[in-house]
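Just passing along the structure, written as structure tokens.
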Protein chains: 2
Amino acid sequence: MADVSSKKATIYDLSVLSGASASTVSAVLNGSWRKRRISEETANKILSLAKAERYTANLQARGLRSSKSGLVGLLVPVYENRFFSSMAQAFEAEARKRGLSPMVVSGRRDPEAERRTVETLIAYSIDALFIAGVANPDGVHQVCAGAALPHVNLDLPGKLASSVISDNRRGAEVLTGAILQHAARGANLSPEDVVLFGGHDDHASLERIAGFHAAKNAYFGQECSVEDVEKTGYSPRMTELVLEQFFERNGQLPRCFFINSSINFEGLLRFMGRHDEETVANIVVGCFDYDPFGSFLPFPVYMIKPDVQKMLEVGFELLEAAPTEPLVTIIEPRLIPPRTALAGPLDDISELSVSS
Amino acid sequence: MADVSSKKATIYDLSVLSGASASTVSAVLNGSWRKRRISEETANKILSLAKAERYTANLQARGLRSSKSGLVGLLVPVYENRFFSSMAQAFEAEARKRGLSPMVVSGRRDPEAERRTVETLIAYSIDALFIAGVANPDGVHQVCAGAALPHVNLDLPGKLASSVISDNRRGAEVLTGAILQHAARGANLSPEDVVLFGGHDDHASLERIAGFHAAKNAYFGQECSVEDVEKTGYSPRMTELVLEQFFERNGQLPRCFFINSSINFEGLLRFMGRHDEETVANIVVGCFDYDPFGSFLPFPVYMIKPDVQKMLEVGFELLEAAPTEPLVTIIEPRLIPPRTALAGPLDDISELSVSS
DNA sequence: CAAAGTTGCACAATCGATGGTGCAAAGGGA
DNA sequence: TCCCTTTGCACCATCGATTGTGCAACTTTG
């Protein structure tokens, strides 16, 4: 007869009901009862009582006592982005698989916000933190280190902490190769037809730029010394601005685009919104990120999809192994040809929603 | 001289260092010190000590004692979706504005997972929960009610809890009107050219269907009794399947699409991936969701963008007001014309990331 | 100058769970 | 029967904060 008094049952309630002591109840409920030589009989009695009373542990109390919370954090710059939202999705799945509770937070690439946010997470005694796409990795690292918080970088340089990164260089090479090949079907290309937009001085961008250049050089059989990289940071607005300037200078867009991330791609969308459809009719785009809608735009879009699932698997392994010194693991991303819509998490579920 | 021993400082440490009692320290640090008649002098001493020692409160301990955690939850079906990810973004902002910490979790429209996930949140003593896009609202409500957890539904029917919903009916009417008008520019339309895909028996879908029909009837000046609604649930796969069937039956797609959500829109993408570009060359789409990439597809796409920002503002107000009986607030969504890329959260930030 | 009021703080219980330790009762061997 | 193990559990301190209460030391009042 479960008590419906909205106050939650505690081990003390069960202790009274069962006649056992609170510590016995605790041991039974957290599974350590064999070690504590509690009889199976007592255990069963308490377990069924717990079920009847709908007992669930107060995780704040447990966390306080055992100085671990069962919470894992993931710091992303924004949610509104296919890459980071699919990372959050994979993160949640991996965390729950391990009996941990995910807390996803965003730092908006603002170093100040990043620190504050991580400090809040630490105040909740999170057990570990994954760091993706922050403006100031070292700042966040300091905060973590100061709190002795295990942390792993995702797609960030790993000087101070272990990290799991996409093979940005190779991915960029493959992606560049793909758009070159596609664009070459239409007409002869010259090096200045192939331009990279986006990125900054961060590790991922630099690697991608290197891969981009490697592929160009291989294709054109020479050092392409043209100015073919427009760093715009991770901002749609800046990307749009730079595209406008390019367009004004050259009277047209480049034939071949390498776009550093879907965030920069949104800058191209804004440009498109201000111009005629003709303006982009002949471009070929490679974007280092995957977005299903982006894949079907009115021009060919090749995309690179980092394997977030595997990145997080490896990330959790790194946490568990707790290597003595920072370790860097590289995960191969995947080239997605134009007009491709991949399956997602909602494909796995049953169709029947329970109507009320 | 801040101690760098990675263990975090507690009020007891500060108590020893300052010569004051722990309760005094606590009062100073949580701001209740005036009420407790602590002298300004003592307060200042403790505050500066706290800064020097980089003290931050242990929120698990505080939460345990005061039986509130400062955590607010948001339950969404998936992250990988522009609507829900922008909802998460707005949610985080609103929560932090109120000094609360956001916890976003996904239930994958699986009633079982939804319950479990919410139960975990409750085990962490979250203070409130927002519920969006769940398969079984009543099940989640029960769990919340059993724990006396204040909760607000977002875009769900509000029989049992307060809810904030988009004006689905009106939005659908406007959206349908827009695509009808656009499509009519090309050729004469008949009722069977205009079909709705997606949705189910949930409140939002039913309202949208009603709005869709209202707009059609108004346009055609008659009761359109044709079969013009294909319920596919919130699944890309099912949507694709139904589209294939439609295509096979009719030899072509309908000219005018009303798509119930971007999740269903992904079903159309998959269809596109399996067919020629011609197949969709003449369609006009209205989608009840906004996605910037979706807005630039090779056919006109009108979109409805629910005002998540305002929905969450109102949602938090509802929580604070704690009305005695469930209240429903309706928020007007916004029609987004084709080829529109709206600004997002990353536009507000400074461009300069701190390189290491 | 004594009574009454104020100021400034310390004490101790408490939130719910955990885990080290101690101890009675049962079982077993000589 | 006596002693030694083993079994089965209770006791209690503890995690870090919050908060009701008590009480010196001052200050004010008459």
With A/Ser21 via side-chain hydrogen bond (donor to acceptor under 3.5 Å, both in side chains) - residues at least two apart: A/Ser23, A/Thr24
field: Nucleotides bounding contact with chain B, strand DNA chain C, heavy-atom threshold 4.0 Å
entry: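 Endpoints of the contacted stretch of DNA chain C: C/dT7 to C/dG16.
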- request: Rounded off to whole Å, could you give me the CD-to-C1' distance for the A/Gln60 and D/dA17 pair?
  value: 11 Å
- prompt: Roughly, in whole Å, what's the span from CD1 in A/Ile11 to C1' in D/dA10?
  reply: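 About 13 Å, once rounded to whole Å.
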field: 5' precedence on DNA chain C between B/Ser67 and B/Thr42 (nearest-nucleotide basis)
entry: B/Thr42
message: Counting only heavy atoms and a strict 4.0 angstrom limit, can you tell me which residues of residues 23-31 of chain B come near DNA chain D?
response: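 Listed by number, they are B/Ser23, B/Ser26, B/Asn30.
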query: Of all residues at least two apart in sequence or in a different chain, which pass the side-chain hydrogen bond (donor to acceptor under 3.5 Å, both in side chains) check with B/Ser125?
result: A/Gln60
Heavy-atom pair with the smallest gap, counting every atom of A/Ala135 and A/Asp110: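 Closest approach of A/Ala135 to A/Asp110, heavy atoms only: CB-N, 4.4 Å.
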Check nucleotides 5-7 of chain D for protein N or O atoms closer than 3.5 Å to its own N or O atoms and list the pairs.
none

- prompt: Using the C1' atoms of the five pairs at each end, what is the angle between the end axes of the helix from C/dC1-D/dG30 to C/dA30-D/dT1, to 10°?
  reply: 50°
field: Rounded distance (nearest 0.5 Å) linking atom CG of A/Leu75 with atom CZ of A/Arg115
entry: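 Result: 12.5 Å between the selected atoms.
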- prompt: Which heavy atom of A/Ser162 sits nearest a heavy atom of A/Leu327, and at what distance?
  reply: OG-N, 3.0 Å
task: Kindly give the heavy-atom pair with the smallest separation between B/Ser15 and B/Ala22, and that separation in Å.
output: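 The pair with the smallest heavy-atom distance is OG-N, 3.6 Å.
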- prompt: With B/Arg116, which residues qualify under side chain to side chain contact (heavy atoms under 4.5 Å, CB included), at least two apart?
  reply: B/Glu112, B/Ala113
task: Would you kindly give the CD1-to-C1' distance between B/Ile38 and D/dG20, to the nearest whole Å?
output: 14 Å
message: Between C1' on D/dT14 and OH on B/Tyr12, what's the gap in Å once rounded to a whole number?
response: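 So the OH-C1' distance, B/Tyr12 to D/dT14, works out to 10 Å.
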statement: Here the distance between atom C1' of D/dC23 and atom CZ of B/Arg36, to the nearest Å, is 14 Å
message: Nearest to the side chain of A/Ser39, heavy atoms from C-beta on, is which of D/dG8, D/dC15, D/dA17?
response: D/dG8
- request: Whole angstrom is fine here: how far is it from CH2 in A/Trp33 over to P in D/dA10?
  value: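 From A/Trp33 CH2 to D/dA10 P: 15 Å.
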message: Nearest whole Å is fine: how far is D/dG16 P from B/Leu14 CG?
response: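 Nearest whole value for this atom pair: 12 Å.
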task: Let me know which of B/Phe130, B/Tyr79, B/Phe84 forms a ring pair (Phe, Tyr, Trp, His ring centres under 6.0 Å) with B/Phe91.
output: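 The ring pair (Phe, Tyr, Trp, His ring centres under 6.0 Å) with B/Phe91 is passed solely by B/Phe130 among B/Phe130, B/Tyr79, B/Phe84.
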Atom-to-atom span, CG of A/Leu64 to C1' of D/dC15 - whole angstrom: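 Result: 4 Å.
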B/Glu41 or A/Asn58, whichever maps to the more 5' nucleotide of DNA chain C: B/Glu41
query: salt bridge (Lys or Arg N to Asp or Glu O under 4.0 Å): which pairs involve residues 11-36 of chain B, sequence neighbours left out?
result: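 Applying salt bridge (Lys or Arg N to Asp or Glu O under 4.0 Å) to every pair that reaches into residues 11-36 of chain B, excluding sequence neighbours, yields B/Arg34-B/Glu40.
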message: Does anything in residues 53-78 of chain B form a ring-ring contact (aromatic ring centres under 6.0 Å, His included)? List the pairs, not counting sequence neighbours.
response: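 Applying ring-ring contact (aromatic ring centres under 6.0 Å, His included) to every pair that reaches into residues 53-78 of chain B, excluding sequence neighbours, yields nothing.
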message: List the residues meeting ring-ring contact (aromatic ring centres under 6.0 Å, His included) with A/Phe83, not counting sequence neighbours, and say none if there are none.
response: none
task: Have a look at B/Ser32 and say if it touches a base, only the backbone sugar-phosphate, or nothing, with a 4.0 Å heavy-atom cut-off.
output: nothing
- prompt: Under 6.0 Å from the NZ atom of A/Lys97, do we count more than 12 heavy atoms belonging to anything else shown?
  reply: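 Counting other residues, nucleotides and ligands, NZ of A/Lys97 exceeds 12 neighbours.
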- prompt: Taking only residues at least two apart or on different chains, which pairs with a member in residues 312-328 of chain A satisfy salt bridge (Lys or Arg N to Asp or Glu O under 4.0 Å)?
  reply: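 Salt bridge (Lys or Arg N to Asp or Glu O under 4.0 Å) check on residues 312-328 of chain A returns A/Arg98-A/Glu320.
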field: Residue pairs, two or more places apart or on separate chains, that pass salt bridge (Lys or Arg N to Asp or Glu O under 4.0 Å) and touch residues 145-155 of chain A
entry: A/Asp155-A/Arg208
